[in-house]
Number of protein chains: 2
Amino acid sequence: MATKKKTRETCEVLCEHPATVRLAKKELIPARQAQQAAELFKVLGDATRVKMLQILAKKELCVCDIAAVIEMSQSAVSHQLRVLRGARLVKYRRDGKMAWYSINDNHVAALLRQGVVHVRHK
Amino acid sequence: MATKKKTRETCEVLCEHPATVRLAKKELIPARQAQQAAELFKVLGDATRVKMLQILAKKELCVCDIAAVIEMSQSAVSHQLRVLRGARLVKYRRDGKMAWYSINDNHVAALLRQGVVHVRHK
DNA sequence: ACTACATATGAGCAGATGTTCATGTATCTT
DNA sequence: AAGATACATGAACATCTGCTCATATGTAGT
């Protein structure tokens, strides 16, 4: 019985290469940075938002026009714009009833473009 | 009664700028490309996978070492490696009992790095 | 052949995500 | 002031995600 449970009792650490692990741990990105990068990518990880960002990278548009272009409801678009705003990927200005959105910086557009290029070449 | 429901009945298309919409639609990325790009970003959109890719970009590692470095269970790591394999972001080779993983191409590493740089500068 | 080891995978579950529907808020028109 | 318009938001819902736990698969050593 004692011999049978050996695997679990001795712990899972058996095949590790300590030197390699130690080195890799040093080179590992800080947890917070990983989390923030992941959150950025997560926002880009939705086809609706990709489309929105892609057209907003070309031109400033109002909510209604965004909805018309990507063929989604105004509500859905508005919800997603909130996500994009939260991630600071877009900026907006109000002009009376309308809200005009555009991409926040070229960095974002570049990242997006690079992703698109990657899937094209695959 | 008929007047009251006007908003819904006439449809949501009232504020659109037809010329702008038509132009933006032409410039809109094809749906499949948007979907594929989103799927790529979605894979990058998880802190565990970001960490894994980041260390695999520096060095080829076996599953057990990856688990030790990022401090997650072997099972969790294995599941995520499956996702990364599915997206062709990593490659692997077997050597006896061990499986050695590394990043698939520099493209992926560059994309990752760009994301990290973006959150650092924010 | 038997046991230990390294990795892969299926089931199950809690939490996150993206849409719709209904409604709220602010602005414009009359 | 009242209604219409443009947008935002809360609730509800179905679906997806990422983990754990248990177990399966394949390899090596004895």
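Predicted model, so just to flag it, every value in this text is computed and none were measured. Sequence lines set the chain letters: A, B, ... in the order given, protein chains first and strands last, and positions in each chain run from 1.
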Residue-phosphate contact under 4.0 Å: [X] side-chain N/O, [N] OP1/OP2:
| X | N | answer |
| --- | --- | --- |
| A:Arg94 | D:dA6 | no |
| A:Arg82 | D:dC7 | no |
| A:Arg93 | D:dC7 | no |
| B:Tyr101 | C:dA6 | no |
| B:Arg49 | D:dG18 | yes |

More than 12 heavy atoms of other groups within 6.0 Å of [X] [atom1]:
| X | atom1 | value |
| --- | --- | --- |
| B:Lys42 | NZ | yes |
| A:Arg32 | CZ | no |
| B:Arg88 | CZ | no |

Using atom [atom1] of [X] as one end and atom [atom2] of [N] as the other, report the distance to the nearest whole Å.
| X | N | atom1 | atom2 | answer |
| --- | --- | --- | --- | --- |
| B:Leu61 | C:dT7 | CG | P | 11 Å |
| B:Glu71 | D:dT20 | CD | C1' | 18 Å |
| A:Asp65 | D:dT5 | CG | P | 16 Å |
| A:His17 | C:dA6 | NE2 | C1' | 11 Å |

* A:Gln80 or B:Ala99, whichever maps to the more 5' nucleotide of DNA chain C ->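 Upstream on the strand: B:Ala99.
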
* Asked: Mapping B:Met98 and A:Asp46 onto DNA chain C by nearest heavy atom, which one lands closer to the 5' end?
  ->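 With B:Met98 and A:Asp46 compared, the 5'-side residue is B:Met98.
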
Select one nucleotide: of [options], the one nearest the side-chain heavy atoms of [X].
| X | options | result |
| --- | --- | --- |
| B:Tyr92 | C:dA8, D:dA8, D:dG26 | C:dA8 |
| B:Lys97 | D:dA8, C:dT7, D:dT27 | D:dT27 |
| A:Lys42 | C:dC5, C:dT17, D:dT9 | C:dT17 |
| A:Cys62 | D:dC7, C:dA8, C:dT19 | D:dC7 |

Any N or O donor-acceptor pair linking the side chain of [X] to the base of [N] at under 3.5 Å?
| X | N | value |
| --- | --- | --- |
| A:Ser75 | D:dT9 | yes |
| B:Ser73 | D:dC19 | no |
| A:Thr48 | C:dT19 | no |
| B:Gln74 | C:dA8 | yes |

* Asked: Under 5.5 Å between ring centres and under 30° between planes: does that hold for A:His79 against the base of D:dT9?
  -> yes

* Check the hydrophobic clustering (I, L, V, M, F, W, Y; side-chain heavy atoms under 4.5 Å; chains of links allowed) and say if A:Val83 and A:Leu61 are grouped together. =>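 Yes; tracing contacts between hydrophobic side chains, which count when under 4.5 Å, links both residues.
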
* Does the SG-to-SG distance between B:Cys64 and A:Cys15 fall under 2.5 Å? ->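 Looking at A:Cys15 and B:Cys64, their sulfur gamma atoms lie closer than 2.5 Å, so the answer is yes.
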
